[in-house]
Amino acid sequence: ASDSATVASVRLFERLPAGPFVTAALVQSWLSTSAPTARRAIEELVRQGVLIQTSSGRRDRVYCYSRYVERLRVGTDLDRDAPQ
């Protein structure tokens, strides 16, 4: 990964608790960066297992900070529906 993508992925990781579902366009806006850098930041966090793609298809992909979302579910009505 390039230095700019690495820095962007760290900055993105820091923002994820405020918005655990992201798209490349949202990341580009959040980080005030280029579309390619936003995509590379997402790809790096996918590679690290932080983000997972939750949408189908190749366009307008949605990614989720799944471990964080799962932690938020614990002890809620949503927890009953979670796979064991």
Side-chain angles (χ1 to χ4, degrees):
S2 71
D3 288 344
S4 63
T6 302
V7 169
S9 64
V10 170
R11 289 178 53 216
L12 173 56
F13 180 75
E14 292 170 346
R15 292 282 313 254
L16 287 174
F21 291 89
V22 297
T23 63
L26 179 62
V27 170
Q28 183 179 356
S29 173
W30 274 1
L31 304 182
S32 300
T33 192
S34 68
T37 297
R39 285 192 302 271
R40 285 193 304 269
I42 290 170
E43 290 166 4
E44 177 62 22
L45 293 184
V46 167
R47 192 179 71 73
Q48 296 289 334
V50 173
L51 291 175
I52 60 166
Q53 185 176 334
T54 59
S55 61
S56 59
R58 295 180 51 83
R59 293 183 52 97
D60 303 321
R61 295 176 186 170
V62 177
Y63 298 86
C64 173
Y65 182 14
S66 60
R67 291 181 191 151
Y68 183 78
V69 171
E70 288 305 314
R71 282 206 174 261
L72 293 177
R73 292 171 67 124
V74 173
T76 71
D77 289 341
L78 295 173
D79 193 33
R80 290 180 296 140
D81 301 328
Q84 299 298 322

Would you list the pairs meeting side chain to side chain donor-acceptor pair (under 3.5 Å) in which at least one residue belongs to residues 10-27, sequence neighbours left out? none
What one should report as the nearest heavy-atom pair of F21 and L26 is O-CD2, 3.8 Å
With rounding to the nearest 0.5 Å, note down the distance linking OG1 in T37 to CG in L12. 12.0 Å
How close do I52 and S66 get, counting heavy atoms only, and between which atoms? CD1-CB, 3.8 Å
From Q53 CD over to I42 CD1, what is the distance, rounded to the nearest 0.5 angstrom? 10.0 Å
With a 4.5 Å heavy-atom cut-off, do Y65 and L51 have their side chains touching? yes
Sub-4.5 Å side-chain heavy-atom contact between W30 and V22: yes
Can you see which heavy atom on S9 is nearest to which on E44, and at what distance? OG-CG, 3.9 Å
Please lay out, stage by stage, how R40 and E43 fare under the test salt bridge (Lys or Arg N to Asp or Glu O under 4.0 Å). CA-CA 5 Å; R40 285 193 304 269; E43 290 166 4; over 6 Å; no
For a quick test of reading the model, state the closest non-hydrogen atom pair linking V27 to A38 and the distance between them. CG1-CB, 3.8 Å
Are any of the side-chain heavy atoms of L16 and V50 separated by less than 4.5 Å? yes
Between A24 and R39, what is the shortest heavy-atom contact and its length? CB-CG, 4.0 Å
